[in-house]
Amino acid sequence: MKIASVAINTNIKELDKIYDYIVPVELEELISRGMRVIVPFGNGNKKLEAVVLSLDESETYENINLKHIDEIADYEIIINDEMLDLANYIKNKYICTTYEALKLVIPTTTILKRDTQIKLIKRDKDLANKYELLNHIEENFISIKKVENRIGKKINNSTLLKLKKLGIIEVKENISNGIKAKTEKVYFLINKDKALDFVINNKNKTLEKQCIVLRELIKDDKAFTIKEIIDRANVTKAVVKSLVEKGLLGESTVEVYRNPFDRNYYHSKVELNEEQSNAVKVILESHTNGNNVTLIHGVTGSGKTEVYLELIERMINEGYGAIVLVPEISLTPQTVERFKGRLGDKIAVLHSRLSDGERFDEWRRIYRGEVNIVIGARSAIFAPVRNLKLIIIDEEHEHTYKSEITPKYDAKDVAEFRISQMDGILVLGSATPSIESYYKAKNGQFNLVEILNRANNSILPEVNIIDMREELKNGNRNIFSQQLVEEIRNNLELKNQIILFMNRRGYSTFVSCRSCGFVAKCRDCDVTLTYHYYNNRLSCHYCGREYNVPNTCPKCGSKYIKYFGAGTEKIEEEINNLFPAAKVLRMDMDTTRKKGAHENIYKQFKNGEADILIGTQMIAKGMDFKNVTLVGIISADTSLNLPDYRSAERTFQLISQVSGRAGRGEKIGKVIIQTYEPDNPILNFAKEHDFISFYNYEIQMRRMMNNPPYTDILYVLLTSSNENELIKFSHEIKNILDRDYKNELLILGPSPCHISKIKNTFRWNIIFKGDVKLYYNKIYELFNYILKNKPIAFSMDINPVNML
DNA sequence: AGCACGCCGACT
DNA sequence: GTCGGCGTGCTC
């Protein structure tokens with residue numbers, strides 16, 4: 001008898017164990033390790049998805065009272081041993097259940113979709129009065145979702161179970177693969193000689209079209225789609241159909257892959273310059289010096305991408321696979337453009353905006369080894385690339401590489417694990433490396449390659465810092481400084497393109513009463529409301545709730561309710577007022593909701609269809625526009641003073657990246673930074689394009705303030721809708737922690753978060769500094785124990801990206 | 001997380 | 001006697 005040990009689909013730690021099931025004889029041949037199955041679980045024998053982790057032969061009969069596996073859920077092994085190891089690493093490193101880790105390595109779209117169906121067996125008037133659902137079902141099966149829609153509320157399992165036990169209804173669960181492979185019909189010659197005969201002997205003019213089709217197929221004897229035949233022979237589909245009826249053409253269905261990007265780009269190979277070739281050399285040699293992680297610090301425009309392309313080409317020529325991570329969707333169109341242009345169809349693309357079907361197809365092309373290069377966002381680090389030998393993480397400082405949902409993995413850590421698994425090499429690249437990575441490179445943990453010249457010898461843009469306090473003094477109350485307006489005008493006249501950066505969307509960022517000081521806040525969040533012009537509504541950027549615009553102050557009734565603080569919408573309006581002839585594009589969350597909107601705006605601007613691009617940080621990354629000569633940073637101060645140890649680093653990175661959009665072509669670029677803190681050292685390092693001085697300054701601050709990389713931070717977020725309980729238990733836990741960890745760790749808090757309420761949920765935090773990785777699990781257990789059965793949730797994160 | 005079991009008080 | 005509220009323990 002075969003016994004399968006499985007991990008069940010649960011996110012509950014207490015349930016996360018290995019469970020054994022008997023493999024029914026008829027499934028013995030079909031089931032293997034790394035395949036999903038459906039198992040009955042718990043008292044109700046609820047059907048759960050599970051992954052088979054091992055199979056054993058059992059001669060004894062002591063296992064006879066185990067439950068049986070219901071059915072298989074996959075038709076092939078979907079998690080190979082390498083990926084199982086990877087999931088195991090995730091589970092141990094980041095606190096999560098086995099299945100939460102496994103979900104990362106399977107294409108999420110093939111997670112099974114469940115459909116419960118019920119039917120009526122016996123009518124019962126009393127019960128029908130009590131349970132409304134009984135009035136909506138008949139003697140044939142109907143989907144529970146349909147019934148829920150009809151009665152307008154959820155039906156819980158216990159009700160179903162009760163009615164089932166009483167013999168009133170029957171319940172069945174359908175489990176099916178949610179996504180089916182896309183198929184396409186193809187047509188081919190059944191017998192070439194027969195077709196040849198037909199063509200030669202035909203005298204009938206009305207069959208001329210059929211002969212044309214046959215000649216095409218004789219010439220190129222393979223299967224064609226109907227569209228291909230129509231294009232080649234210039235006929236309609238009726239012609240093909242009649243050939244099928246005559247028995248001259250065969251028809252069959254094949255699986256096709258959906259194509260997420262058109263492949264009409266071409267990116268030719270560029271001769272590498274000396275610095276670039278040296279980078280390739282150092283990286284390829286990194287194996288031999290025993291350190292296979294390399295950090296490339298290359299200024300914007302230094303041609304890091306060419307280095308990546310060279311490395312990938314060399315790797316695939318030797319039969320290896322590669323993964324390239326890019327920060328997020330904003331980078332995808334242009335990066336993919338370059339990679340596809342050079343590497344063609346050998347590359348698969350994975351990112352969050354793919355449809356379920358597209359993602360499934362790409363995943364399978366990779367899994368089956370049909371492609372061996374993957375480019376994608378964070379989760380692409382889990383792509384099951386065959387023979388993986390090279391991982392490139394571009395813009396390595398980007399915070400999007402760290403997941404903010406459980407498991408809170410860091411793609412950089414995962415990458416290090418994967419290359420150690422395969423003895424591969426890892427390349428981190430950035431114009432503004434993260435303080436942590438640069439520190440590691442300086443200390444010899446990583447190899448360091450610095451490319452300090454732009455590849456095409458274009459010079460870095462001149463940066464001017466404008467003191468907005470002076471503007472005020474001179475009577476300019478506008479969002480734009482005099483100089484910025486002048487520069488915009490000049491550049492418009494010269495037909496150059498301009499980018500204006502404003503890291504806030506909406507029209508104005510807060511609404512306030514001049515007479516009583518009232519500030520419009522979200523009902524459910526500790527957040528001021530942003531006014532949006534396009535729908536004339538106030539909106540909360542944290543929960544999405546929208547409000548009507550008040551005409552009078554809700555507090556004192558005064559008419560002097562005013563809008564303060566500018567967002568991208570306002571900038572757009574001001575520009576339209578100042579330069580009515582200029583063509584303006586805006587790129588922010590509001591204008592890019594639709595699929596393909598990013599690409600559209602990007603292409604339009606790149607093709608010169610607009611003069612000015614206004615946008616939030618999504619325009620800061622990667623985008624390569626040759627004709628942009630002016631970049632205006634409307635307000636540099638927004639991110640500078642946030643209570644987060646990374647705010648200086650983030651501001652420097654953002655300004656450097658936005659500045660890097662200027663002067664990438666032949667023309668010299670100029671950057672204007674508007675600020676109320678012109679003496680701030682961070683801004684001045686950015687002005688001088690001086691990452692190394694910035695690093696030296698910031699690393700001292702980190703040391704002084706005892707922040708990473710000198711320590712690790714464990715951030716525990718406590719949330720509850722009950723504020724009093726939250727405060728009470730936060731302090732109670734703190735007392736226990738002080739008793740147990742006083743000598744081991746520095747414990748800060750409890751204190752309310754910067755944003756102390758979101759969606760009616762109050763937020764407090766406790767912060768640990770020190771060797772937190774040693775105590776991570778123990779502290780988790782403590783919180784878990786104390787908060788069990790309390791109305792308080794907690795989440796833990798090491799060196800979080802977001803501490804607000 | 002569900003669900004069952006069992007102990008105990010309240011109520012026709 | 002019996003209903004139901006919730007504390008406890010289990011899930012192959």
Side-chain angles (χ1 to χ4, degrees), chain A residues 1-28 30-73 84 88 91 95-103 111-112 114 116 118 126-127 129-131 133 144 148 153-169 171-173 175 405-407 719-721 725 780-781 783-795:
Chain A
M1 172 165 53
K2 264 194 179 166
I3 307 294
S5 301
V6 305
I8 54 159
N9 183 5
T10 181
N11 49 15
I12 299 143
K13 256 211 133 199
E14 285 74 14
L15 281 180
D16 185 31
K17 301 192 174 111
I18 302 296
Y19 298 93
D20 292 341
Y21 285 85
I22 293 169
V23 180
V25 184
E26 67 271 21
L27 296 182
E28 274 187 5
L30 299 171
I31 290 183
S32 38
R33 170 178 151 96
M35 216 180 235
R36 282 176 302 180
V37 290
I38 305 299
V39 295
F41 188 76
N43 288 312
N45 283 330
K46 194 178 154 82
K47 292 187 181 191
L48 286 185
E49 210 179 282
V51 168
V52 178
L53 297 180
S54 64
L55 284 163
D56 289 294
E57 197 67 41
S58 166
E59 294 303 326
T60 63
Y61 287 90
E62 66 194 45
N63 289 325
I64 205 79
N65 55 354
L66 297 181
K67 291 183 184 175
H68 290 70
I69 287 177
D70 267 359
E71 52 178 315
I72 55 168
L84 282 173
N88 196 40
K91 174 187 147 74
I95 292 176
C96 72
T97 65
T98 309
Y99 216 86
E100 283 172 325
L102 286 169
K103 275 182 183 170
I111 296 280
L112 304 170
R114 190 185 303 274
T116 308
I118 53 174
D126 289 346
L127 283 168
N129 285 333
K130 202 172 167 197
Y131 298 103
L133 77 100
I144 194 101
E148 284 175 342
K153 61 179 176 193
K154 272 263 180 213
I155 299 167
N156 55 24
N157 284 335
S158 54
T159 312
L160 288 182
L161 199 67
K162 201 182 270 179
L163 292 171
K164 187 182 166 189
K165 278 190 175 167
L166 290 168
I168 302 294
I169 62 163
V171 179
K172 96 175 171 187
E173 274 194 298
I175 304 236
I405 52 168
T406 310
T719 54
S720 172
S721 52
E725 290 283 295
Y780 178 90
E781 299 298 339
F783 274 85
N784 204 26
Y785 176 72
I786 302 210
L787 297 177
K788 208 171 194 168
N789 304 323
K790 303 285 186 307
I792 297 168
F794 75 98
S795 76

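Numbered from 1 within each chain, the chains take letters A, B, ... in sequence-line order.
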Nearest whole angstrom, please: distance from the [atom2] of [N] to the [atom1] of [X].
X	N	atom1	atom2	result
A:Tyr21	C:dT11	OH	C1'	8 Å
A:Asn11	B:dA1	CG	P	9 Å
A:Tyr99	B:dA1	OH	P	20 Å
A:Ile8	B:dA1	CD1	P	13 Å
A:Ile12	C:dC12	CD1	P	14 Å
A:Lys17	C:dG9	NZ	C1'	11 Å
A:Ile18	C:dC10	CD1	P	19 Å
A:Asp70	C:dC12	CG	C1'	13 Å

inquiry  = Nearest to the A:Asn43 side chain among C:dC12, B:dC3, B:dA1, which nucleotide is it?
reply    = B:dC3
task = Just compare B:dA1, C:dC12, B:dA4 and give me whichever is closest to any side-chain atom of A:Leu15.
result = B:dA1
query = Which class fits the ring pair A:Phe41 and A:Tyr19: parallel under 30°, tilted 30 to 60°, perpendicular over 60°?
reply = perpendicular
Do the charged groups of [X] and [Y] touch, with an N to O distance under 4.0 Å?
X	Y	value
A:Lys47	A:Asp70	yes
A:Glu49	A:Arg36	yes
A:Asp20	A:Lys67	no

